[in-house]
Protein chains: 2
Amino acid sequence: MATIKDVAKRAGVGVGTVSRVIAGSGPVSADATNRVRRAIAELRFRPSHAARALPKGQSQTIGVFVPLVHGAFYTPILHAIYATLREHGLHMVVDFGRTLETERQDALAGAEFLTDRGCDGLLIMATALKRADIEHIAQLQPKFALLNRSVPQFRANCFGPDHQAAGAAAGRALCAAGHRRVAVIEGPARSSDNRLRIRGFLEALSECGIDPDSVPREQGDFSPESGRAAAEALFARGRNFTALFCANDEMAIGALAAARQAGLAVPQDLSVMGYDGIDLAALTVPPLTTVVIPWRQIATHALHHLLNLCYGMNLPVPPDVPAQVLYRESVARIA
Amino acid sequence: MATIKDVAKRAGVGVGTVSRVIAGSGPVSADATNRVRRAIAELRFRPSHAARALPKGQSQTIGVFVPLVHGAFYTPILHAIYATLREHGLHMVVDFGRTLETERQDALAGAEFLTDRGCDGLLIMATALKRADIEHIAQLQPKFALLNRSVPQFRANCFGPDHQAAGAAAGRALCAAGHRRVAVIEGPARSSDNRLRIRGFLEALSECGIDPDSVPREQGDFSPESGRAAAEALFARGRNFTALFCANDEMAIGALAAARQAGLAVPQDLSVMGYDGIDLAALTVPPLTTVVIPWRQIATHALHHLLNLCYGMNLPVPPDVPAQVLYRESVARIA
DNA sequence: GACCAAAATGGAACCGTTTCCAGTGTAAGA
DNA sequence: TCTTACACTGGAAACGGTTCCATTTTGGTC
């Protein structure tokens, strides 16, 4: 591989001049610029990223951690982040968790990996992180933003929706449609955002005069398959409910499949409500009524904040729009 | 940030010794090892990735390009790649394309980004790449593997299913179920794998005595939404077919939604067949009959080949299992 | 033609590692 | 006691860029 010295020699200039041509820093005569450009092309010179990052101490790269590679939930968020980064000519290095069970340790390992990688800032999505973990990350790389996890100590670095309010909106919507007997498929207990949305949902029910303790609940792991299994377990316990709230859309998709398998028509025999507002929810059979969280927007704002931090930019970080129930066809109004 | 020199000073040894302790290369006395380890811990020393990669010329990192961040198709493949990489203690840097339209140029830019990033090898998934593009990539980084794109010149580096055979299997399955009037939702014409599977499908139909030219066709872009639109267009042209073959499962999901919207029961009024065998296809309403391509396996084998190339490993690269039709409930047998 | 500021330039020092080589200390063998 | 081998060690050189400083060149002014 050709180095900057080879280019300098070929162009008949010093290495400093070559560097200035490449980076556009400092004055270079038109003549020298041309000779350097030609030499670069002829030698197919490509500057080494490692050699470049070493003296500069900056890599124009943001590190992103996402709990899972797959699934309909995380990837659109990643897409939004990536698009924004590209707009600003920045690079992204992603690290993924293996499973939701190992999310916490994966996120910690990911933060180390990304920091070691010379990322200028970290955008981390992991609800399973404890306060001490976040302190650890802050020590590793003070320039970071947290997505969907909030701790008072780092309030300014935390971005995410008000899950409790959003959960409450779901509860109120079901009550308003006349449902009095409701079941819930919740996510993993370790996930703080799950706990909040379930709490909000049950509180709303309570305000409508429904005893939260009477609500049958099953737990899934946010995957469609787990939603199916949870729904089946719920059906097996005797189907004395008219509506089913799922802690995310993917589990709701599984619940829809389970309902069909059980011979239940949605929404005539059973209403199903999701959460998150993933794109796929528009294309289920029937189309899913869900609580839309403006995830892409939230992610973009978190990133804006991070870029302001890292590069002294001045990107807007407006308050997020609140979550809203999107009425499609999976919830029926009953007497 | 502490450097290796600080550690050496604190431990009262030379930098060479510290480096040997960290890398486990060369002999170091137990005493020195302990002092170094302690100093590392006390100073919270973390070796700089950039400084390390510079003299070594290797980064223990594989670069992966995937056409899209989001969607149900690419991410499980990425997941399989990531899992294998972790098993071998290697890192991954991913680059994504923006849209399927820009796949070709994004893949090219991605190859450059990943190479500049010091990746030891490249795993690239992009059907839109032309032969010259691949030559360019080979020049950039001779250690590469191609997923789902095959060119004779680089036969050994290419991995992917036999789309034509798989498409034919779909066609035969529909014929065997008694369907004589069939429609097709195909993917983008620029996508070589799409062309192959459609060709195989139509050839199989032809062998069953169905005129390929009589088959109504609409084009989508592999997204669920485009599948819905294509199905609607097909319905609008008069629904004189009993079965619909979709070039991938995601478009089939969209077609299912369109069918419901049109008041068509699947499979009673219309049979729908997918392609790929994504996980979600098991949870649609009704569960989708599809051609299962062993994508995870293919990706793993491509990666094995690449690792053998990069690190002189000796990982198995067995022939892939052929694609198979998985019968679920979206295709009816008719008279 | 002399002078000066600004533009342009070459090259040394530096970034933080790895690697290699020369050198020291020690134990075993003659 | 003297070699000899070997384990261990320190430090210089190298990796390929960026940056800064000293120096040369240029163009404009009087």
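Everything quoted here is computed from the prediction, not taken from an experiment. Reminder, nothing fancy here: chain letters follow the sequence lines and each chain counts from 1.
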Tell me the interatomic distance from K9(A), atom NZ, to dG17(D), atom P, rounded to whole angstroms.
14 Å

Salt-bridged, R10(B) to D6(B), with N to O below 4.0 Å?
no

Closest nucleotide among dC8(D), dT19(C), dT17(C) to the P27(B) side chain
dC8(D)

Base, sugar-phosphate alone, or nothing: which one does A32(B) contact when heavy atoms must sit under 4.0 Å apart?
sugar-phosphate

S191(B) and D193(B): side-chain hydrogen bond (donor to acceptor under 3.5 Å, both in side chains), yes or no, with the steps?
CA-CA 6 Å; S191(B) 153; D193(B) 62 335; 2.3 Å; yes

What is the distance, rounded to the nearest whole Å, between atom CD of Q58(B) and atom P of dC15(D)?
17 Å

Roughly, in whole Å, what's the span from NZ in K56(B) to P in dG17(D)?
20 Å

Would you mind classifying the nucleic acid contact of P47(B) as base, sugar-phosphate or nothing, using non-hydrogen atoms under 4.0 angstrom?
sugar-phosphate

One thing to verify: whether R296(A) and D279(A) come together as a salt bridge, which I'm taking to mean a side-chain N less than 4.0 angstrom from a carboxylate O.
yes

Between I22(A) and L54(B), which residue's closest nucleotide on DNA chain D lies nearer the 5′ terminus?
L54(B)

Quick note, I4(B) side chain, CB onward, closest among dT18(D), dT9(D), dT17(C) is dT17(C)

Taking atom C1' of dG10(C) as reference, at what distance in whole Å does atom NZ of K5(A) sit?
14 Å

Please report, rounded to the nearest Å, how far the P atom of dG16(D) is from the CZ atom of R117(B).
18 Å

Side-chain N or O of S25(A) less than 4.0 angstrom from OP1 or OP2 on dT18(D)?
no

Heavy-atom nearest nucleotide on DNA chain D for G16(A) versus G14(B): which residue maps closer to 5'?
G14(B)

Check: dG10(C) base within 3.5 Å donor-acceptor of R20(A) side chain
yes

Rounded to the Å, how far apart are H49(A) NE2 and dT18(D) P?
12 Å

Name the closest nucleotide to the F45(A) side chain, picking from dC8(D), dG17(D), dT9(C).
dG17(D)

May I ask you to say what G118(A) touches in the nucleic acid, namely base, sugar-phosphate or nothing, with a heavy-atom cut-off under 4.0 Å?
nothing

Under 4.0 angstrom, heavy atoms only, what part of the nucleic acid is S19(A) near: base, sugar-phosphate, or nothing?
base

Salt bridge K143(A)-D120(A), side-chain N to carboxylate O under 4.0 Å
no

Given atom CZ of R52(A) and atom C1' of dC14(C), what is their separation to the nearest angstrom?
17 Å

Pick the nucleotide of DNA chain C nearest each of R35(A) and A2(B); which residue has the one closer to the 5' end?
R35(A)

Nearest whole Å is fine: how far is dT17(C) C1' from D6(B) CG?
13 Å

Ion pair E112(A)/R46(B), N-O distance below 4.0 Å
yes

Identify the two heavy atoms, one from F96(B) and one from L68(B), that lie closest to each other, and give their separation to 0.1 Å.
CD2-O, 3.9 Å

Counting side-chain heavy atoms from C-beta on, which of dG16(D), dG10(C), dG11(C) comes nearest to V15(A)?
dG11(C)

Given dT9(D), is OP1 or OP2 found less than 4.0 Å from the side-chain N or O atoms of T17(B)?
no

